[in-house]
Amino acid sequence: MTHEDCEKILEHHGIKPTANRIVVVRELAAAGRPLTLSELEYRILSIDKSGVFRALTLFRDHHLVHTIEDGGSGLRYELCQSHSDDEDDDLHVHFFCEQCQRTYCLDTVPVPQVGLPEGFEMQSANYIVKGICPMCKAK
């Protein structure tokens, strides 16, 4: 993702494109999978942990990223594919590898519909499938 692409995405979501925010967006895009705060901190040595966290919090509030609770090491952050500036409408299944501890997006697998009892209203869904990824299985 180019510098200009990062600026356009940030501006589309109503976020001022600062140097640090551009670096965080570029790293999330380059990863191609959801990352933890620690993974991002390790990959971005030029920004301290609090700076990365502040950017992620701002991105989440403006629907540029969504969070995934993987049931392992906590929250992971992923760029929203829909690029809607007022909602997260790109719900899809994620796969957590219990061996390498990585979380993968299964973009083409939609979150199954869940029938909720009357009176309940779904706001979001976090669908994680756990197992062994193809790379770990091949080892």
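It should be emphasised that the depicted structure is a prediction, and the values quoted were computed from it without experimental measurement. Computed from heavy atoms alone, side chains included, the values below leave out hydrogens, waters and symmetry copies.
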With rounding to the nearest 0.5 angstrom, report the [atom1] to [atom2] distance, [X] to [Y].
X      : Y      : atom1 : atom2 : result
Cys136 : Arg102 : SG    : CZ    : 8.5 Å
Glu27  : Cys6   : CD    : SG    : 10.5 Å
Arg60  : Tyr77  : CZ    : OH    : 6.0 Å
Leu75  : Glu69  : CG    : CD    : 5.5 Å
Cys80  : His62  : SG    : NE2   : 13.0 Å

>> I'd like to know if Glu98 pairs up with Lys130 as an ion pair, taking the criterion as any Lys NZ or Arg NE/NH1/NH2 lying under 4.0 Å from an Asp or Glu carboxylate oxygen.
In response: no
> What are the two closest heavy atoms between Ala31 and Arg43, and how far apart are they?
Replying inline: CA-NH2, 3.6 Å
> Shortest non-hydrogen contact from Tyr104 to Cys97?
Replying inline: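 Heavy atoms of Tyr104 and Cys97 come nearest at CE1-CB, 4.4 Å.
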For residues [X] and [Y], determine if any side-chain heavy atom of one lies less than 4.5 Å from a side-chain heavy atom of the other.
X     : Y     : answer
Ser46 : Ile44 : yes
Arg54 : Ser50 : yes
Met1  : Ile9  : yes
Leu56 : Leu28 : yes

> With a cut-off of 6.0 Å (strictly less than), are more than 12 heavy atoms of other residues, nucleotides or ligands near OH of Tyr127?
Replying inline: no
Could you give the side-chain donor-acceptor pairs of residues 14-21 under 3.5 Å, partners two or more places apart or in another chain?
| unit_1 | atom_1 | unit_2 | atom_2 | d |
| --- | --- | --- | --- | --- |
| Thr18 | OG1 | Arg21 | N | 3.3 |
| Arg21 | NH1 | Lys16 | O | 2.8 |

>> side-chain contact (heavy atoms from CB on, under 4.5 Å), that's the test. Do Tyr42 and Leu40 meet it? Break it down for me.
In response: CA-CA 5 Å; Tyr42 178 77; Leu40 274 168; over 6 Å; no
> With sequence neighbours left out, which residue pairs that include part of residues 29-39 fulfil the salt bridge (Lys or Arg N to Asp or Glu O under 4.0 Å) condition?
Replying inline: Arg33-Glu39, Glu39-Arg76
> Should Glu78 and Val65 be marked as a side-chain contact (heavy atoms from CB on, under 4.5 Å) after you check the CA-CA gap, both sets of side-chain angles, and the distance that decides it?
Replying inline: CA-CA 5 Å; Glu78 174 182 39; Val65 299; over 6 Å; no
> When hydrophobic residues are tied together by side-chain contacts of less than 4.5 Å, even through go-betweens, does Phe96 share a cluster with Ile132?
Replying inline: no
> Does the His94 side chain pair with the main chain of Thr103, one donor and one acceptor, at a distance under 3.5 Å?
Replying inline: no
>> Among Val25, Leu79, Thr67, which residue satisfies the side chain to side chain contact (heavy atoms under 4.5 Å, CB included) criterion with Phe59?
In response: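 Output: one option passes, namely Val25.
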>> For a side-chain contact (heavy atoms from CB on, under 4.5 Å) check, start with the C-alpha distance between Ile47 and Val24, then their side-chain angles and the critical distance, and finish with the verdict.
In response: CA-CA 9 Å; Ile47 308 172; Val24 174; 4.2 Å; yes
>> Show, in sequence, the C-alpha distance, side-chain angles and deciding distance for Val114 and Leu116, and conclude whether the side-chain contact (heavy atoms from CB on, under 4.5 Å) test is met.
In response: CA-CA 6 Å; Val114 177; Leu116 297 175; 4.1 Å; yes
